[in-house]
Amino acid sequence: MAEPKKPVDDFAARERALFEAWREGGYFQRTPGFGEHAAEPYTIVIPPPNITGVLHMGHALNDTIQDACVRRARMRGYQTRWVIGTDHAGISTQTKVDKRLADQGISRLEIGREAFVEECYKWYEEYGTTIVNQVKGMGCSCDYSDEHFTLEPAYVRAVRKLFVDWYEHGLIYRGKRIVNWCPSCTTAIADDEAEYVDEPGHLWYLRYPLVEPVDGIEHLVVATTRPETMLGDTGVAVNPKDERFGHLVGKKVRLPLVGREIPIFADWHVDAEFGTGCVKVTPSHDPNDWAMGEKAGLPRINIFDETAHVVEGYGKFSGMDRDEAREAVVAAFEELGLLDHVEDHDHSVMTCYRCHTKLEPWESEQWFVAVDGLKEAAARVVEDGSIQFHPARWKQVYLDWLANLKDWCISRQLWWGHRIPMYYCDECGWEDASVDEIEVCPACGAPVRQDDDVLDTWFSSQLWPFATMGWTEEGMDAPQMRAAYPTQVLSTARDIMGLWVARMVMASMYCCDNTIPFEDVIIHPTVMAADGKPMSKSRGNGVDPLRLMEDYGADGMRFGLLMQVTGAQDMKFNEAKLESSRNFANKVKNASRFVLMNLEGYEPGAPEPVTPADRWIFSRLAKVVAAVDAAYDNFEFGEITRELYSFVWNEFCDWYIEFSKARLAEGADPADRAACQRNLVFVLGQVLRLLHPIMPFITEEVYGELPREEGAAPMLIVASWPDAQALARFADDEAERAIELVCEVVGAVRSARSRYGLSPRTELDVVVKAPAADGALLEGQAPLIAKLGRTASLAVGADAAKPAGSVAHVGAGLEVYVGLAGHVDLSAERARMEKERGKLEADVAKLDKKLSNEGFLAKAAPEVVAKDRGRRDELADKLARLNAQIAELG
RNA sequence: GGUCGAGUGGCGCAGCGGGAGCGCAGGUGCCUUACAAGCACAAGGCCGGGGGUUCAAAUCCCUCCUCGACCACCA
């Protein structure tokens, strides 16, 4: 693609000024509402961006969607508010701050928890505003006067309240479990936060000698991808149906290198077909082994410390990291002649979604949320349609996620985040959860200590819709909760459907008296790079929305992104669409300029269509407004942009404005000129309203320059949305037909001129043969045709004859003869018409066949049959007239 | 292994039961005073293969092929 051209003027400066005007007008705060929806709230909460983040394409798309929804709702008179704020982003921020300190040669462990958290707040103050400023740059109409943060005091209290509540109701418990441990972040990671990466690896076949040989068998061979974990083996499992090993169940093997005697046992989980059918079991370092060990009552032996180095007591292996231990163990087996053989084996490994270190299944004490008591309500409100997904198929994905949900590990061994509000008395053994901070033991008065761990970031995120609306202190009685909860729309990416969306529903149902958090969930497509792959730093295929805004303006980027939204799960980013959108924004501006240039002597007044052109554009406007409304109501954002693009460009600009020129010209009828001005101002005004939710800046700018009636909204952001019902009275089939005829005649003339290579300036004589009804529609439009078709003369008649030296255009119900004295190329004309005849004949034949099919006549809907009959007659008529023209060529 | 998405003119996509459309690129001609980031005109497609349902299939069903996502498993 060509290098995008720089904008001719400084979008950004003009955008900033308009943004400030909106903010100063107070339009970003909850609006008072007007009209029929005046009493209804319309609220959206933004998915809070991480304080470590910068605006990426996902935000750009998602925030455009939300702003379009909010802005339209505001213009429809709802009491709107779009809640914004940021997320403290536990692991992510801690990782960044860690790195920043490391760059200064400082270790987190050296400075201690308090100082480290201090550093994190410093980071927040420094960078936390970055992304919010970028959201402002997009023109998003969020309520910046009441910004939230997931670690603000009220939010912290909300989190503690929920923890304590769940704890007291037995929904939160502590347990020793095997969790996904990141040895680099030294914290547990939730299952959903782990990423799988396929990796080439090996299967090592290891010999485990039997303590006492059985029937001459001296050892079992186990296959493993992780030989180093054998140090922690406490059993060997076989499938209970596996006849090869049945007699060995209950016997023991002696674990090489360690010398431990471990049992052979049977478990259904073992696949007899895989490897040797014998599985080494390491309960502390594999979730499946954990489960098998649990059932078989095996001891659990943890061989790794928190950084995945082998713990003391394993001789030369102690102190080695996982990879070193693997090599050393394999070498030791080889030395002992216990390495049977090695095979190549690809497998996927779990990695930390933050630092991409391989995760270690590791046994540790963690806090869990028992989800069984929460998920039913969350499933029910989606099943019964209280919450709707768009596109609808995400409903099933949501329900499946819930159905498969297991208890949620919520403790993280981090310092940055919501510290778990559990207090312990080492003196008397008292422990409890508490919303308020506790310093001394209520039982014995000794000092207590708080749990060291923090909560999973999603634990706090799940409270976002209501913890930002005053729930903390007053619950459902908080004014905002009472007035505007649930919210209306939640728009987000599909990858956090479970992690966030489902959890908000569970939390809201629990905390907010069984109230859902939102009514409609928009799952927008993921923005992929132009190569179809996910955008990522490592691939270097990412696109920066800030650059896009610079090149195409915020409006151009917004419109261009929405243009690409479909119901599919991905959208391949196509920068050309943004270029088109920028051109479109420019077109709107130029059209507005034309209108403004022609307002001399403008007198306000009610718009009223007088000419067929007026009636036509009003009729088209009415239909477009209805179509745009329908598309918004169905959350079809691509459809909205397509409707607007073609109406504004191909109808309003290409034709209506052109039609207007003659009426505005000097010497035109003053009354008609005034009507034309009013109608132009009206239609343009409606167009600006329709475009405003998507292109807020350019439309607001133009609105400020257009004349306004008394009592009109001071700014477009609060102007009233076009009223489809009120406009419906302008629907006008006759006018649409009249303009269709005009366009056809003009097109015929231009086409003839172009075919013969004549200068566009050449004025041509035109004769139109049309039935009386069409002729009547056409008659008054001669000036339009003369201007747009550059005709020297125009004659219309039902029996008009083809003038000598003219070429014929056979149209729907009419013929256009364009005089080309002396230039006509008979054979070219014949070829052109014969080609068209071929197409027509095929179409007519197809319809004839259809209409002679008895099944069709009997079973198809009568209106379909009637329509096809009409079409056949029309085409047959056209064909006949075309044949006549061909015959006339001689 | 399971679930889902996509395959339509050169490229990117829309349409999802009754006439194949849009944007970009490419072609030809135009600085026609709103706009050359533009205007006009033309050209370009057995809608992935096969089978089925139907009076009617790009559109619904089955199947296969090709890409992609997500979930699960991977000793």
Side-chain angles (χ1 to χ4, degrees), chain A residues 1-2 4-5 7-8 192 196 203-204 222-226 229 236-237 269-271 274-282 286 288-289 292 345-349 391 393-394 396-397 400-401 404 494-495 497-498 525-526 528 530 532-534 552 556 560 563-564 566-577 579-598 638-639 642 645-646 653-654 657-658 661 747 750-755 757-761 787-788 790 843 846-847 850 853-861 863-865 867-868 871 875:
Chain A
M1 195 186 48
K5 286 158 197 151
V8 290
D192 343 72
Y196 287 84
L203 258 186
W204 282 272
V222 298
T224 180
T225 54
R226 300 205 49 199
T229 63
V236 171
H269 189 269
V270 178
D271 177 1
F274 189 89
T276 59
C278 299
V279 184
K280 61 186 271 312
V281 177
T282 324
D286 182 284
N288 293 315
D289 292 5
M292 286 195 279
H345 180 73
D346 294 347
H347 60 139
S348 63
V349 295
R393 76 188 125 83
W394 291 105
Q396 202 51 49
V397 178
D400 290 347
W401 188 87
N404 294 321
R494 58 187 158 81
D495 55 337
M497 164 91 168
T526 303
M528 303 302 233
K533 303 235 159 60
Y552 308 109
M563 253 178 138
Q564 298 175 65
T566 70
Q569 59 189 9
D570 299 326
M571 53 180 252
K572 227 182 280 184
F573 177 68
N574 184 356
E575 191 162 335
K577 292 275 185 197
E579 204 175 340
S580 300
S581 300
R582 181 251 274 138
N583 295 349
F584 178 57
N586 202 234
K587 189 79 180 174
V588 170
K589 210 177 152 209
N590 278 312
S592 306
R593 186 157 72 174
F594 171 82
V595 173
L596 289 165
M597 275 172 58
N598 285 286
E639 183 64 20
R642 262 170 258 125
Y645 188 99
S646 65
C653 291
D654 287 351
I657 285 185
E658 294 303 324
K661 285 179 179 172
R750 298 209 281 221
S751 175
R753 188 156 31 220
S754 172
R755 281 203 310 280
L758 302 178
S759 154
R761 290 161 196 280
K787 179 96 164 111
L788 300 202
R790 281 194 179 257
D843 286 349
K846 217 165 109 184
L847 282 166
K850 201 169 171 185
N853 180 339
E854 282 176 30
F856 175 67
L857 297 175
K859 296 188 182 174
E863 60 271 23
V864 171
V865 177
K867 194 177 154 206
D868 278 352
R871 251 189 76 223
L875 292 177

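Just so it is clear: chains get the letters A, B, ... in the order the sequence lines come, proteins before strands, and each one is counted from 1. Quick caveat: nothing in here was measured; it's all calculated off a predicted structure.
The C1' atoms of B:C60 and B:C55 are separated by 16 Å, rounded to the nearest whole Å.
Between A:Gly747 and A:Asn404, the residue anchored nearer the 5' end of RNA chain B, judged by the nucleotide with its closest heavy atom, is A:Gly747. Taking for each of A:Gly855 and A:Arg755 the nucleotide of RNA chain B with the nearest heavy atom, the 5'-most of the two is the partner of A:Arg755.
For A:Arg582, no side-chain nitrogen or oxygen approaches OP1 or OP2 of B:A37 to under 4.0 Å. Residue A:Lys661 places no side-chain N or O under 4.0 Å from the OP1 or OP2 atom of B:U32.
Across all strands, A:Asp495 comes closer than 4.0 Å to no nucleic acid atom at all (heavy-atom distances). Residue A:Val281 is classed as having no contact, given no heavy-atom separation below 4.0 Å to the nucleic acid.
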Sequence-aligned protein contact record of nucleotides 12-20 of chain B, with B where the base is within under 4.0 Å of a protein heavy atom and S where only the sugar-phosphate is | BSS---BB-
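Both key distances under 3.5 Å define a Watson-Crick or G-U pair, and stretches of 3 or more such consecutive pairs in RNA chain B run B:1-7 with B:65-71, B:10-13 with B:21-24, B:27-30 with B:38-41, B:48-52 with B:60-64.
Closest approach to the A:Arg393 side chain among B:G5, B:C41, B:C30 is made by B:G5 (side chain taken as heavy atoms from C-beta onward). With B:A42, B:G23, B:A69 as the candidates, the nucleotide lying closest to the side chain of A:Gln569 is B:A69. When each of B:G23, B:C31, B:A42 is scored by its nearest atom to the side-chain atoms of A:Tyr645, the top-ranked nucleotide is B:G23.
With respect to A:Arg494 and A:Asp570, a salt bridge is recorded, a charged nitrogen being found less than 4.0 Å from a carboxylate O.
Inspection of the A:Ser646 and A:Arg642 side chains reveals no N or O donor paired with an N or O acceptor under 3.5 Å.
A:Val865 pairs by the side-chain contact (heavy atoms from CB on, under 4.5 Å) definition with A:Leu851, A:Phe856, A:Leu857, A:Ala860, A:Arg869, not counting sequence neighbours.
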